[in-house]
Amino acid sequence: MEKNVIITGITSGIGTEIAIGMAKNNYKINLIARSLKSGNKIKDHIIKSTNHDKINVYKCDLSLQSEIREFISDFKQNNNGLDILINNAGIIPKDRIITKEGIELQFAVNYIAPFLLSRLLLDLLKTSAPSRIVNTSSTAHYSGNLNSNDFQKLNEKYSMRGWRAYFDTKLAMTIDTLEFAKTLEGTGVTCNAIHPGFVNTNLGRYIIPKFM
């Protein structure tokens, strides 16, 4: 039976390489991109690299819960199951940005998006069990310090050019992954967080000097 995977954060780096690997293993690939132009560019790259064309591109701004819900509704109309959800998208903006939904941008993309995708797609994951959720986290979570009165640090100065907020989002993701994994025991769905190591991606383009 054909395997189905959703991948976020696909326009460069880790996400692109994951998609290529999945294509080589003949998965039906569903890419989430903020713009169809960038998503289709990666789709063409994957096809040229692998000769695999079972690829769909969905436009979705992961900083907005409304668009995530629209994507899920669209996806469920065309798919009866999901074997793997890979929450890879992550950002570190150079300035604090508040979305039109009133959420700090890093918190919205790095934590709320994977939280929402994992919960709202759980029915399809259970249908396809054994299935899995993979969250791209980071050992940066060891430097996180969540304030229960201000998870988004909206009342604090945007320090360290975004690093501090990034640490906190990865801590929140790691905690949630561990707790969700416990909840999923016995369902056939597993949930894991990974640390990919220090790799050459665009994640730190606003805060890390060019050195390569």
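Since this is a predicted model, take the numbers as computed values, not measurements. Both backbone and side-chain heavy atoms feed into the values below; hydrogens, waters and symmetry mates do not.
- The main-chain N or O of Gly81 is never found under 3.5 Å from a side-chain atom of Asn79 such that the two would form a donor-acceptor pair.
- Scanning all heavy atoms of the two residues, the minimum distance from Leu36 to Tyr58 falls at CD2-C, 4.4 Å.
- Summarising the geometry, atom CG belonging to Asn56 is positioned 11.5 Å from atom CD1 belonging to Ile32; distances are rounded to the nearest 0.5 Å.
- Rounding to the nearest 0.5 Å places CG of Asn80 at 8.0 Å from OG1 of Thr127.
- Looking at every heavy atom in both residues, Ala89 comes nearest to Asn110 through O-OD1, 4.3 Å.
- Asn40 and Asp44 form no side-chain donor-acceptor contact under 3.5 Å, judged by distance and modelled atom types alone.
- One hydrophobic cluster, built from ILVMFWY side chains closer than 4.5 Å, holds both Ile55 and Ile42.
- Note that CZ of Phe107 is 15.0 Å distant from OH of Tyr166, once rounded to the nearest 0.5 Å.
- Asn4 and Asp83 form no side-chain donor-acceptor contact under 3.5 Å, judged by distance and modelled atom types alone.
- Looking only at distances, no side-chain donor or acceptor of Ser38 sits under 3.5 Å from a matching main-chain atom of Thr11.
- In this structure, Gln65 contributes its side chain and Ala108 its backbone to no donor-acceptor pair below 3.5 Å.
- A donor atom on one side chain and an acceptor atom on the other are not found under 3.5 Å apart for Ser131 and Ser128.
- Between Asn192 and Thr177, the shortest heavy-atom distance links the atoms C-CG2, 3.5 Å.
- Between the CG atom in Leu85 and the CD1 atom in Ile7 there is a gap of 10.0 Å [rounded to 0.5 Å].
- Partners of Arg69 under the side-chain hydrogen bond (donor to acceptor under 3.5 Å, both in side chains) rule, at least two apart in sequence or in another chain, do not exist in this structure.
- At distances below 3.5 Å, not a single donor-acceptor pair connects side-chain atoms of Asp53 with backbone N or O atoms of Ile47.
- Without hydrogens or angle criteria, Asp61 side chain to Arg34 main chain gives no donor-acceptor distance under 3.5 Å.
- With values rounded to the nearest 0.5 angstrom, Ile194 atom CD1 is found 8.0 Å from Ile86 atom CD1.
- Atom CG in Asn30 sits 11.5 Å away from atom CD1 in Ile10 (nearest 0.5 Å).
- Around atom NZ of Lys41, no more than 12 heavy atoms belonging to other residues, nucleotides or ligands sit under 6.0 Å away.
- Lys76 places no side-chain N or O within donor-acceptor distance of the main-chain N or O of Leu124, the cut-off being under 3.5 Å.
- One finds no salt bridge joining Glu185 and Lys182 here, because no Lys/Arg side-chain nitrogen approaches an Asp/Glu carboxylate oxygen to under 4.0 Å.
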